[in-house]
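First comes the structure, then the notes that go with it.
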Amino acid sequence: MEPATTSGKPIITVGQHIQEAQRAYPTATGDFSWMLGGITLATKIIESNVRNAGIRDVLGGTGTSNVQGELVQKLDQIANDTIVRCLGYRENVGLMVSEEDDEPIVAKDVGEKGKYIVLFDPLDGSSNIDVNVSIGTIFSIMQRRSDTPKTDKPLAECLQPGMNQVAAGYVVYGSSTVMAYTTGNGVHMFTLDPSFGAFVLTRENVKMPVAGKMYSVNEAYRGTFPQGYQRYLEWAKTKDAGNYSLRYIGSLVADFHRTLLRGGVFLYPPTAKAPNGKLRLLYEANPLAFLAEQAGGAASDGKQSILKKTPDSLHQRTPLILGSIEEVERVLSFLD
Ligand code: P6P
């Protein structure tokens, strides 16, 4: 494929795309695109470290564990620090919530303006880093209830339902580096052109297939899934179901990116080890649910839409059924 610079197609970067999208809002002040620019800058730096992991001494663990009790990989720490440094500088970012940090990070002092909350998983799937499997960064953006930071209430301001998101997206560091984002007007994808270091528009208004004979789940835990999920998995293997395939990378962003483009359903049910599911509501399920719904798909915890859930805690986990609307509804039809 010709590089974007010679293919004759217009070259639209993610920054230009966001600015054009903002022009539709007369009240937009442009600070939203400035803030999103901090995310794209951070993911380019992360991408460089991921691509050179074997050469730079960034593979392996730091020897510490995070709030989730998971071993922190060196690249996790690099990704987290990079995002905090790139966003903390942006004057409109007030609070940040990271998978790697116990509490919200108050980016602006009391009295300083900072109307956005950025919630993120800096490098999801990190257990796959050392074996060169695709990994990703996931982000969710909400607005603060008050424009100026209050030292005693940052946590309460972050515990908002996913329907309050003003933007969400991910970057998948795979065979190519692709960013997908939505601001509530469709899902758009950009590929990083390393020849000039910009994310260039490659798919606009992405629509998820309404159905797809592919399910994505770690069947090793099947024996401890609630019965309804087990009944669904038995059905998917029958002739009546018609040749479903199982695809599971074990890296949420990669599994979702495939589901978004090819259709199907991703499942992380409750298990004996993770009775409330393994995936985190605020910075994994919410952003991907926003993207899924914007692309015509669906996202549920088995009882309600992911985007309607009001979190009780910052690192709350949730069961997740995510994908094509017909496939999500089919799974739900098997649940009690
Ligand atoms: P399991 C990676 O550690 C992660 O958080 C997600 O990226 C992925 O979907 C899930 O865990 C895989 O979990 O239990 O199947 O290894």
Side-chain angles (χ1 to χ4, degrees), residues 43 46 50 53 59-62 64-77 79-80 97-101 119-140 168-174 177-178 180 214-226 229-230 233 246-262 264-289 291-292 297 299-302 306 314-323 328 331:
T43 55
I46 293 168
V50 167
L59 288 176
T62 59
T64 60
S65 297
N66 62 16
V67 64
Q68 325 290 341
E70 293 163 348
L71 283 176
V72 177
Q73 302 295 301
K74 287 179 189 169
L75 270 173
D76 281 325
Q77 198 59 56
N80 194 54
V97 171
S98 167
E99 182 203 37
E100 301 299 336
D101 293 290
L119 308 98
F120 53 91
D121 184 350
L123 203 55
D124 177 79
S126 52
S127 54
N128 295 301
I129 294 171
D130 292 10
V131 293
N132 210 27
V133 168
S134 298
I135 50 182
T137 297
I138 313 173
F139 62 89
S140 165
Y170 62 82
V171 174
V172 55
Y173 310 103
T177 297
V178 173
M214 205 176 290
Y215 64 89
S216 185
V217 67
N218 187 337
E219 285 210 273
Y221 308 139
R222 173 174 164 176
T224 70
F225 292 164
Y229 290 94
Q230 297 195 39
L233 292 172
L246 165 61
R247 290 284 182 278
Y248 193 69
I249 302 167
S251 187
L252 175 61
V253 177
D255 279 318
F256 178 67
H257 187 68
R258 181 201 58 247
T259 305
L260 180 57
L261 295 176
R262 294 277 174 82
V265 62
F266 173 89
L267 306 170
Y268 208 109
T271 65
K273 189 176 160 194
N276 296 313
K278 174 180 183 183
L279 302 172
R280 272 68 64 153
L281 176 59
L282 280 174
Y283 40 79
E284 290 176 333
N286 273 345
L288 300 188
L291 287 158
S300 169
D301 68 356
I306 290 289
L314 211 54
H315 301 288
Q316 175 174 334
R317 297 175 190 267
T318 178
L320 184 58
I321 305 166
L322 175 68
V328 170
V331 174

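We count ligands from 1, going down the list as the structure has it; atoms in each ligand are counted the same way. For the numbers below, each heavy atom of this structure counts, side chains included, while hydrogens, waters and symmetry mates do not.
Within ligand 1, counting atoms from 1 as listed, the ones closer than 4.0 Å to a heavy atom of Y248 are 1 (P), 12 (C), 13 (O), 15 (O). Annotation for ligand 1: atoms under 4.0 Å from non-hydrogen atoms of Y221 are 1 (P), 14 (O). For ligand 1, the atoms lying closer than 4.0 Å to a non-hydrogen atom of G125 are 2 (C), 7 (O). Atoms of ligand 1 found under 4.0 Å from any heavy atom of S251, numbered from 1 in the order shown, are 7 (O).
T137 and Y173 form a side-chain donor-acceptor contact under 3.5 Å, judged by distance and modelled atom types alone.
Among the atoms of K278, some N or O lies under 3.5 angstrom from an N or O of ligand 1. Polar contact check, N218 against ligand 1: a nitrogen or oxygen pair lies under 3.5 Å apart.
For the atom pair CD (Q316) and CG (L281), the distance works out to 5.5 Å, reported to the nearest 0.5 Å. Here the OG1 atom belonging to T259 is positioned 8.0 Å from the CE atom belonging to M214, to the nearest 0.5 angstrom. To the nearest 0.5 Å, atom CZ of residue R258 and atom OG of residue S216 are 4.5 Å apart. The distance from the CG atom of L252 to the CD1 atom of I135 is 13.0 Å, given to the nearest 0.5 Å.
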_Derivation and outcome, side chain to side chain donor-acceptor pair (under 3.5 Å), residues S98 and N80_ = CA-CA 7 Å; S98 167; N80 194 54; 2.5 Å; yes

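When non-hydrogen atoms are compared, ligand 1 lies under 4.0 Å from the backbone of L252 as well as from its side chain.
Residue contacts with ligand 1 include D124, since one or more of its heavy atoms lies under 4.0 Å from the ligand.
Of the protein's heavy atoms, Y268 OH, 2.6 Å lies nearest to atom 14 (O) of ligand 1.
Below 30°, between 30° and 60°, or above 60°: for Y221 and Y268 the angle between ring planes is between 30° and 60°, a tilted geometry.
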